[in-house]
Amino acid sequence: MEKLYITGGRKLSGTIEVGGMKNAADPIFFATLLTGDVCTIENVPDAADISNAASILTKIGAVVAYKGPHTYEIDTRYVKEANIESSFSAKLRSSYYLLGAGLGRFHRAETGFPGGCDFGARPIDQHVKGFRALGASVVEDKDSGRIICESKGNLAASSIYLDVPSVGATINIMLAACMAEGTTVIDNAAREPHIVDVANFLNSCGAEIYGAGTPTIKIFGVEALHGCSYAIIPDMIEAGTYMVAAAATRSTMTVSNVIPRHLESITAKLQEMGVSVEEGDDYVRVLSPESDDKPLFPIRVKTTFYPGFPTDMNPQFAVLLCLADGESRLTESVWANRFQYIPELVRMGAQITVSGSDAVITGIPSLRAANVRAVDLRAGAAMVIAALCTPGTTVIDDIHHILRGYEHIVEKLDAVGADIRLVQLPDGI
Ligand code: EPU
């Protein structure tokens with residue numbers, strides 16, 4: 001069992017370099033399957049979710065070779081089918097991309113239900129609607145826990161309107177449609193930067209995808225894809241997490257290897273709270289005032305789809321709002337169960353009342369150290385930030401959630417002056 005011990009109250013300084021985006025790297029790993037060729041993927045984060053995606057690909061016959069820091073070569077030439085055991089698919093949410101990629105290459109794919117963070121219901125009806133529109137049959141067998149997608153021959157292009165701009169459904173339909181016959185149109189598509197990254201990867205492999213990053217994506221089906229070399233974009237959520245860590249600890253710190261445009265909503269909300277943010281070409285610098293007495297202003301934050309404020313920054317921002325001078329309101333509009341981390345913050349003295357999708361947060365001068373849990377990935381990041389800005393030692397449990405998505409988080413924070421230790425304990429302690 002691993003726990004994080006963080007003694008907070010220290011200022012952070014220097015630079016944290018952000019890694020590649022997990023939520024782009026995962027689908028791109030599965031997308032390599034469509035090429036039946038060799039792909040080199042760079043700027044891959046060292047996160048457990050990536051190892052889980054790599055083990056699924058290996059299990060079905062791909063050769064995934066680590067070629068040096070953040071670089072993998074993936075050879076999918078000898079893969080014969082896209083079928084994995086449920087114990088593998090349960091390890092990560094992104095395992096559902098095997099369905100789109102497998103349908104595109106083999107016209108058949110089978111997995112168990114995907115895992116990932118538990119935010120209450122995480123339906124995949126829009127993925128299924130897309131696959132069916134492309135001519136596949138989809139069976140979701142609740143008894144066996146298996147999902148089986150199949151088409152007789154090539155998929156046939158179609159027009160698909162998504163009821164919600166789902167990241168996963170948009171990517172899965174792009175994967176399946178790359179080699180479908182004709183032109184597929186996805187309307188009300190998700191616009192997140194990782195959608196654009198996956199489309200750019202596929203286009204580098206010979207696909208013809210236009211409009212990624214807008215609500216309408218057109219995919220002109222091609223006969224075959226080929227391998228390529230591709231570098232993943234920086235992780236905007238990792239970057240945002242460290243920006244909030246700097247603001248919460250009243251530090252001046254640089255976050256590098258970022259695309260500042262992807263961070264605009266986060267930067268805007270920090271500025272609204274009175275935090276200065278300087279933008280360079282590929283870095284942002286959070287500048288805190290010399291005096292800790294300068295108040296953080298209370299604000300309203302509403303999470304939504306890109307380019308709005310990301311739901312994956314909800315818990316981290318909640319910590320900052322706990323330190324504001326007055327009452328803030330944080331509204332969640334993507335996940336029903338996103339606020340399950342709040343009892344952990346309350347354990348640290350936070351004053352938060354949740355009513356439906358709204359959290360009303362009354363700022364206090366400081367949180368207090370406690371033993372808390374990482375209830376999911378971003379909730380875990382929030383506990384780290386809360387611990388960093390709180391005097392005394394906070395112990396964080398269930399940190400496997402954090403390690404799924406934040407590469408080298410202990411080393412990165414240690415290098416900017418945090419007192420953070422990962423401790424391995426015998427089970428039950
Ligand atoms: N939705 C449906 N039907 C569907 C799919 C989604 O109703 O078929 C709804 C969901 O219930 C939710 C909304 O649409 O209310 C958005 O879901 P989306 O499909 O966009 O989420 P996802 O693809 O399952 C990805 C990220 C999440 C991130 C969301 C939203 C991955 C592996 N996960 O999930 O990231 O919160 O998009 O941006 O890419 C994280 O990294 O911590 C994380 C949870």
Side-chain angles (χ1 to χ4, degrees), residues 6-13 239-255 263-279 284-304 308-333 338-339 341-370 372 378-379 381-392 394 416-418:
I6 300 175
T7 304
R10 289 183 171 209
K11 301 268 187 200
L12 308 177
S13 65
T241 300
Y242 292 130
M243 289 168 79
V244 174
T249 53
R250 303 296 185 109
S251 304
T252 291
M253 193 179 86
T254 302
V255 183
L263 301 169
E264 270 167 7
S265 63
I266 300 166
T267 299
K269 284 294 163 188
L270 284 173
Q271 288 170 335
E272 216 176 303
M273 291 186 77
V275 178
S276 300
V277 181
E278 197 180 276
E279 287 182 6
V284 285
R285 187 164 170 76
V286 175
L287 300 127
S288 294
E290 287 297 311
S291 154
D292 287 351
D293 296 339
K294 187 169 177 256
L296 289 167
F297 303 120
I299 59 165
R300 285 176 169 239
V301 182
K302 182 175 181 184
T303 70
T304 181
F309 187 88
T311 176
D312 290 343
M313 286 299 300
N314 167 326
Q316 302 91 314
F317 242 75
V319 176
L320 199 56
L321 298 177
C322 284
L323 305 174
D325 189 17
E327 191 178 281
S328 299
R329 184 176 291 263
L330 174 58
T331 304
E332 171 63 31
S333 71
R338 179 108 244 185
F339 285 136
Y341 65 87
I342 282 184
E344 303 302 311
L345 276 186
V346 169
R347 219 190 273 270
M348 295 183 74
Q351 291 184 14
I352 307 179
T353 317
V354 177
S355 167
S357 57
D358 284 327
V360 175
I361 303 178
T362 307
I364 51 175
S366 174
L367 295 165
R368 61 169 182 268
V372 292
R378 308 303 171 187
M383 294 308 129
V384 170
I385 296 170
L388 288 173
C389 63
T390 304
T394 291
V416 292

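Starting from 1, each residue takes its place in the sequence as its number. Note that this is a predicted model, so its numbers are computed, not measured.
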Any chance you could lay out the side chain to side chain contact (heavy atoms under 4.5 Å, CB included) test for Thr390 and Met348, step after step, and finish with the verdict? CA-CA 9 Å; Thr390 304; Met348 295 183 74; 3.9 Å; yes

Under a 4.0 Å threshold between the charged nitrogen and the carboxylate oxygen, would Asp312 count as salt-bridged to Arg338? yes

Under the 3.5 angstrom rule, does the side chain of Ser333 hit a backbone N or O of Thr303 as a donor-acceptor pair? yes

Heavy-atom pair of closest approach, residues Ala247 and Val286: N-CG1, 4.1 Å

Is a side-chain N or O of Arg10 found less than 3.5 angstrom from the main chain of Gly417, in a donor-acceptor match? yes

Nearest heavy-atom contact between Thr311 and Pro315 is O-CD, 4.0 Å

With sequence neighbours left out, what residues match Tyr341 under ring-ring contact (aromatic ring centres under 6.0 Å, His included)? none

Quick check: do Tyr242 and Leu12 have side-chain heavy atoms less than 4.5 Å from each other? no

When you compare the side chain of Leu323 with that of Cys389, does any pair of heavy atoms fall below 4.5 Å? yes

Measure the CE-NZ distance between Met243 and Lys269 for me, rounded to the nearest 0.5 Å. 14.0 Å

Can you tell me how far apart OG1 (Thr267) and CD (Glu278) are? Round to the nearest 0.5 Å. 12.0 Å

Ignoring hydrogens and angles, tell me if any N or O in the side chain of Ser288 forms a donor-acceptor pair with the backbone of Ser251 under 3.5 Å. yes

Regarding Glu332 and Ser357, is there a side-chain donor-to-acceptor distance under 3.5 Å anywhere? no

Looking at Cys322 and Leu367, what are the two nearest heavy atoms and their distance? CB-CD2, 4.3 Å

Which heavy atom of Ala318 sits nearest to which heavy atom of Leu330, and what is that distance? CB-CD2, 3.8 Å

Chi angles and distances behind the side chain to side chain contact (heavy atoms under 4.5 Å, CB included) call for Val255, Met253: CA-CA 7 Å; Val255 183; Met253 193 179 86; 4.2 Å; yes

Counting only N and O atoms by type, is there a donor-acceptor contact under 3.5 Å from the side chain of Lys302 to the main-chain atoms of Gly308? no

Report yes if some heavy atom in the side chain of Val244 is under 4.5 Å from a heavy atom in the side chain of Val319; otherwise report no. no

So which atom in Ile342 and which in Ile352 form the shortest heavy-atom distance, rounded to 0.1 Å? CD1-CG2, 3.7 Å

Can you tell if the side chain of Val277 reaches within under 4.5 Å of the side chain of Leu287, non-hydrogen atoms only? no

Do Thr304 and Phe309 have side-chain heavy atoms sitting under 4.5 Å apart? no

So does Gly274 get a backbone contact from the side chain of Lys294, meaning a donor-acceptor N/O pair under 3.5 Å? yes

Could you work out, with side chain to side chain donor-acceptor pair (under 3.5 Å) as the rule, every residue matching Arg378, not counting sequence neighbours? Tyr406

Would you please say whether a donor-acceptor pair under 3.5 Å links the side chains of Asp358 and Thr331? yes

Main-chain N/O of Arg285 paired to Thr254 side chain as donor or acceptor, under 3.5 Å: no

Whether the Ser276 and Gln271 side chains hold a donor-acceptor pair (N or O, under 3.5 Å, no angle test) is what I'd like checked. no

Contact between Leu296 and Arg250 at the side-chain level, heavy atoms closer than 4.5 Å - yes or no? yes

Go through it in stages, so that I can follow the logic: the residues are Val301 and Arg329, the test is side chain to side chain contact (heavy atoms under 4.5 Å, CB included), and I'd like the CA-CA distance, side-chain angles, deciding distance and then a yes or no. CA-CA 6 Å; Val301 182; Arg329 184 176 291 263; over 6 Å; no

Kindly indicate whether the side chain of Leu270, heavy atoms from C-beta on, has any atom under 4.5 Å from the side chain of Phe317. yes

Spacing of CD belonging to Glu327 relative to CD belonging to Gln351, to within rounding of 0.5 Å: 10.5 Å

For Leu388 and Ala418, work out which heavy atoms get closest and say how close. CD2-CB, 3.6 Å

Can you tell if the side chain of Met273 reaches within under 4.5 Å of the side chain of Leu320, non-hydrogen atoms only? yes

